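This report concerns only the one structure given below.
Because the structure is predicted, anything quoted here is derived from the model rather than measured. In this chain, numbering begins with 1 at the start of the sequence shown. These numbers come from the heavy atoms of this one structure, side chains and all, not from hydrogens, waters or symmetry mates.
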Amino acid sequence: MENRRPAGALDIGASAFMSSTMRDEQLPLTILIVEDEWAVREVIAMYFEDMGWRVVAVPSGEQAVDTLARDAIDVVFTDIRLGGRVSGWDVAAAARRADRMMPVIYASGRSSSSSARRVAGSVFFDKPYRPADIMRACRRMLDTERSAAATRPA
(Lines give C-alpha, C1' and ligand atoms only; values in the text may rest on other atoms or scores of the structure.)
Protein backbone atom coordinates (compact mmCIF):
# COMPACT_ATOMS: atom_id res chain seq x y z
CA MET A 1 0.00 0.00 0.00
CA GLU A 2 1.36 3.36 -0.98
CA ASN A 3 1.76 5.84 1.86
CA ARG A 4 0.44 9.14 0.52
CA ARG A 5 1.34 12.14 2.65
CA PRO A 6 0.74 15.83 2.17
CA ALA A 7 3.71 17.98 1.18
CA GLY A 8 5.78 18.71 4.26
CA ALA A 9 4.61 15.59 6.11
CA LEU A 10 7.26 13.57 7.85
CA ASP A 11 6.85 9.79 7.83
CA ILE A 12 9.40 8.45 10.26
CA GLY A 13 8.74 4.82 9.26
CA ALA A 14 7.81 1.72 11.23
CA SER A 15 9.44 -1.27 12.84
CA ALA A 16 8.26 -4.75 13.73
CA PHE A 17 7.64 -3.91 17.41
CA MET A 18 4.46 -5.65 18.57
CA SER A 19 2.43 -4.16 21.43
CA SER A 20 -0.39 -5.69 23.44
CA THR A 21 -2.57 -2.79 22.27
CA MET A 22 -2.33 -3.68 18.58
CA ARG A 23 -5.53 -4.38 16.73
CA ASP A 24 -3.74 -6.44 14.11
CA GLU A 25 -0.74 -8.42 15.29
CA GLN A 26 0.82 -8.02 11.83
CA LEU A 27 0.85 -4.22 11.66
CA PRO A 28 2.19 -1.43 13.87
CA LEU A 29 -0.21 1.24 15.07
CA THR A 30 -0.22 4.60 13.31
CA ILE A 31 -0.12 7.93 15.11
CA LEU A 32 -0.76 11.25 13.43
CA ILE A 33 1.33 13.93 15.13
CA VAL A 34 0.26 17.52 14.42
CA GLU A 35 2.77 20.08 15.69
CA ASP A 36 3.90 23.30 14.05
CA GLU A 37 7.19 23.49 15.98
CA TRP A 38 9.68 21.38 14.05
CA ALA A 39 11.89 20.41 17.02
CA VAL A 40 8.94 19.34 19.18
CA ARG A 41 7.41 17.39 16.28
CA GLU A 42 10.72 15.65 15.60
CA VAL A 43 11.28 14.58 19.23
CA ILE A 44 7.83 13.07 19.71
CA ALA A 45 7.89 11.45 16.26
CA MET A 46 11.25 9.81 16.91
CA TYR A 47 10.07 8.56 20.31
CA PHE A 48 7.01 6.85 18.83
CA GLU A 49 9.01 5.46 15.92
CA ASP A 50 11.54 4.02 18.36
CA MET A 51 8.65 2.34 20.17
CA GLY A 52 7.56 0.62 16.96
CA TRP A 53 4.75 2.88 15.80
CA ARG A 54 4.21 4.09 12.27
CA VAL A 55 4.41 7.88 12.50
CA VAL A 56 2.90 10.47 10.21
CA ALA A 57 3.93 13.91 11.44
CA VAL A 58 2.62 17.11 9.86
CA PRO A 59 3.20 20.80 10.66
CA SER A 60 -0.34 22.11 10.08
CA GLY A 61 -3.98 21.44 10.76
CA GLU A 62 -4.74 21.59 7.06
CA GLN A 63 -2.27 18.79 6.34
CA ALA A 64 -3.64 16.79 9.27
CA VAL A 65 -7.20 16.96 7.93
CA ASP A 66 -5.97 15.87 4.49
CA THR A 67 -4.08 12.96 6.08
CA LEU A 68 -7.14 11.87 8.07
CA ALA A 69 -9.16 11.78 4.85
CA ARG A 70 -6.63 9.49 3.12
CA ASP A 71 -4.69 7.40 5.62
CA ALA A 72 -5.64 4.84 8.26
CA ILE A 73 -4.80 6.54 11.56
CA ASP A 74 -5.14 4.91 14.98
CA VAL A 75 -4.39 7.88 17.28
CA VAL A 76 -4.24 11.66 16.83
CA PHE A 77 -1.84 13.74 18.91
CA THR A 78 -2.25 17.43 18.16
CA ASP A 79 -1.06 20.76 19.39
CA ILE A 80 -4.03 23.09 19.79
CA ARG A 81 -2.51 26.33 18.54
CA LEU A 82 -1.25 25.70 15.03
CA GLY A 83 -0.14 28.24 12.46
CA GLY A 84 -2.92 28.44 9.89
CA ARG A 85 -6.69 28.44 9.77
CA VAL A 86 -7.19 24.88 11.09
CA SER A 87 -6.61 24.48 14.84
CA GLY A 88 -6.01 21.35 16.88
CA TRP A 89 -9.69 21.53 17.89
CA ASP A 90 -10.60 21.29 14.19
CA VAL A 91 -8.19 18.39 13.68
CA ALA A 92 -9.84 16.48 16.54
CA ALA A 93 -13.30 17.09 15.10
CA ALA A 94 -12.12 15.79 11.71
CA ALA A 95 -10.62 12.72 13.40
CA ARG A 96 -13.91 11.94 15.10
CA ARG A 97 -15.79 12.37 11.82
CA ALA A 98 -13.44 9.78 10.33
CA ASP A 99 -13.82 7.44 13.34
CA ARG A 100 -16.08 8.34 16.24
CA MET A 101 -13.92 6.32 18.66
CA MET A 102 -10.49 7.54 17.49
CA PRO A 103 -8.30 8.42 20.47
CA VAL A 104 -7.40 12.11 20.51
CA ILE A 105 -4.68 13.66 22.64
CA TYR A 106 -4.17 17.42 22.79
CA ALA A 107 -1.15 19.43 23.91
CA SER A 108 -0.77 23.14 24.52
CA GLY A 109 1.52 25.59 26.21
CA ARG A 110 -1.59 27.38 27.46
CA SER A 111 -3.31 25.38 30.17
CA SER A 112 -6.38 27.62 29.84
CA SER A 113 -7.03 25.72 26.61
CA SER A 114 -7.44 22.41 28.43
CA SER A 115 -11.24 22.26 28.58
CA ALA A 116 -12.60 24.38 25.74
CA ARG A 117 -13.86 22.45 22.71
CA ARG A 118 -12.36 19.06 23.63
CA VAL A 119 -13.92 16.03 21.97
CA ALA A 120 -15.43 13.47 24.35
CA GLY A 121 -12.97 11.05 25.89
CA SER A 122 -9.91 13.02 24.83
CA VAL A 123 -6.83 13.69 26.93
CA PHE A 124 -5.01 16.99 27.41
CA PHE A 125 -1.32 17.58 28.25
CA ASP A 126 0.32 20.86 29.19
CA LYS A 127 3.62 21.63 27.49
CA PRO A 128 6.23 20.68 28.24
CA TYR A 129 5.24 17.02 28.39
CA ARG A 130 7.22 13.81 28.45
CA PRO A 131 6.90 11.58 25.36
CA ALA A 132 6.54 8.54 27.64
CA ASP A 133 3.41 10.13 29.17
CA ILE A 134 1.91 10.58 25.71
CA MET A 135 2.70 6.94 24.91
CA ARG A 136 0.99 5.75 28.11
CA ALA A 137 -2.08 7.84 27.29
CA CYS A 138 -2.21 6.33 23.79
CA ARG A 139 -2.01 2.80 25.11
CA ARG A 140 -4.61 3.46 27.80
CA MET A 141 -7.02 5.01 25.28
CA LEU A 142 -6.52 2.18 22.77
CA ASP A 143 -7.07 -0.43 25.48
CA THR A 144 -10.28 1.36 26.50
CA GLU A 145 -11.42 1.48 22.86
CA ARG A 146 -10.71 -2.23 22.41
CA SER A 147 -12.57 -3.13 25.62
CA ALA A 148 -15.58 -1.07 24.53
CA ALA A 149 -15.57 -2.66 21.07
CA ALA A 150 -15.45 -6.15 22.59
CA THR A 151 -18.55 -5.50 24.70
CA ARG A 152 -20.64 -3.85 21.96
CA PRO A 153 -23.37 -6.03 20.48
CA ALA A 154 -22.52 -7.28 17.01
Do [X] and [Y] have side chains that get closer than 4.5 Å, going by heavy atoms?
X    : Y    : answer
V91  : L68  : yes
M46  : P131 : no
V76  : I105 : no
S60  : L82  : no
V55  : I33  : yes
P103 : D74  : no
M135 : R139 : yes
D79  : K127 : yes

Over all atoms of both residues, closest heavy-atom pair of [X] and [Y]:
X   : Y    : result
R41 : P59  : NH1-CB, 3.2 Å
P28 : G52  : CB-O, 3.1 Å
A95 : M102 : CB-SD, 3.7 Å
R54 : A72  : NH1-O, 4.2 Å
A64 : V34  : CB-CG2, 3.5 Å

Where the side chain of [X] meets the backbone of [Y], is there a donor-acceptor pair that is under 3.5 Å apart?
X    : Y    : answer
T78  : I80  : no
E62  : V86  : yes
Y47  : R130 : no
R118 : A92  : no
D36  : G83  : yes
D99  : M101 : yes
D143 : R140 : no
R81  : S108 : no
E35  : V58  : no
E37  : A39  : no

Using 0.5 Å steps for rounding, measure from the [atom1] atom of [X] to the [atom2] atom of [Y].
X    : Y    : atom1 : atom2 : value
R117 : S122 : CZ    : OG    : 12.0 Å
I134 : I44  : CD1   : CD1   : 5.5 Å
I31  : W53  : CD1   : CH2   : 5.5 Å

Fill in: Presence of salt bridge, R136 and D133, under 4.0 angstrom
yes

Discussion item. Taking ring pair (Phe, Tyr, Trp, His ring centres under 6.0 Å) as the criterion, tell me which of W89, F125, F124 meets it with Y106.
Written reply: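 One option only clears the test, and that one is W89.
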
Discussion item. Counting the benzene-type ring for Trp, do F77 and Y129 have ring centres under 6.0 Å apart?
Written reply: yes

Practice prompt. Please test V75 against M141 for side-chain contact (heavy atoms from CB on, under 4.5 Å), starting from the C-alpha separation and ending with a verdict.
Written response: CA-CA 9 Å; V75 178; M141 293 175 84; 6.0 Å; no

